[in-house]
Amino acid sequence: MQTEFRLVLCSCPDKHVAKAIADKVLRARLAACVNISAASTSMYWWDDHIHAEEEVTMQIKTTSASLNALFDLIQTAHPYDVPELIALPITEGSQSYLAWLTQVTQQ
C-alpha cells in the first residue's frame, strides 16, 4: 500500500551541515519539519574498510510528491559522495498533523 507521507532519514557529518541542509529543504517547501538528532557513532563499510565516525541524523517529514525533488536537493547540498537517503512510509498519523504537513509542502 502506497502512502502519501514519508519520513526520510539522512545522516550528516555534524550538526552544522545538517542545519544548513535542513534550512534549504524547508525554504524550498520540500518538507514540513526536520528533526536533527544528537551525535552518535556510525559504523559502516567504505572503500573496503570499516569506519567509525560521529554523525547526526535528520528525520525529515515530507510528502511522496516532494520526495524526488527533496532527494535531488539533498544530494546536491550534501558533502558525502553517497548520502544516506531512506524514505519510510508514514502509515498512520493524526489528521491535523498530516493536514499541516500537506499544507506546508504545497505552498
Exercise for review: Using the salt bridge (charged side-chain N to carboxylate O under 4.0 Å, His left out) rule, collect all pairs that involve residues 9-23, keeping only residues at least two apart or in two chains.
Suggested key: Asp23-Arg27
Review point. With His51, which of Tyr44, Trp45, Trp46 fulfils ring-ring contact (aromatic ring centres under 6.0 Å, His included)?
Key: Tyr44
**Study point:** Residue pair Ser37 / Gln59, side-chain donor-acceptor N/O under 3.5 Å
**Key:** no
Check your understanding: Is a side-chain donor-acceptor pair under 3.5 Å present for Ser11 with Glu84?
Key -> yes
Only distances under 3.5 Å count here; give the side-chain donor-acceptor pairs of residues 67-74 to other protein atoms, sequence neighbours excluded, each with its distance to 0.1 Å.
none

Practice item. Drop me the distance from Glu55's CD to Met43's CE, to the nearest 0.5 angstrom. Key: 12.0 Å
Shortest non-hydrogen contact from [X] toward [Y]:
{"X": "Tyr97", "Y": "Cys33", "value": "OH-CB, 4.1 Å"}
{"X": "Ala31", "Y": "Leu26", "value": "O-CD2, 3.5 Å"}
{"X": "Arg29", "Y": "Val104", "value": "CD-O, 3.2 Å"}

Review point. Is there a donor-acceptor pair closer than 3.5 Å between any side-chain N or O of His78 and the backbone N or O of Val17?
Key: no
Exercise for review: Establish whether Leu98 and Leu7 are linked, either directly or via other cluster members, by ILVMFWY side-chain heavy-atom contacts under 4.5 Å.
Suggested key: yes
Point to revise | side chain to side chain contact (heavy atoms under 4.5 Å, CB included) partner of Val8, chosen from Thr62, Leu30, Val25, Val34 | key: Thr62
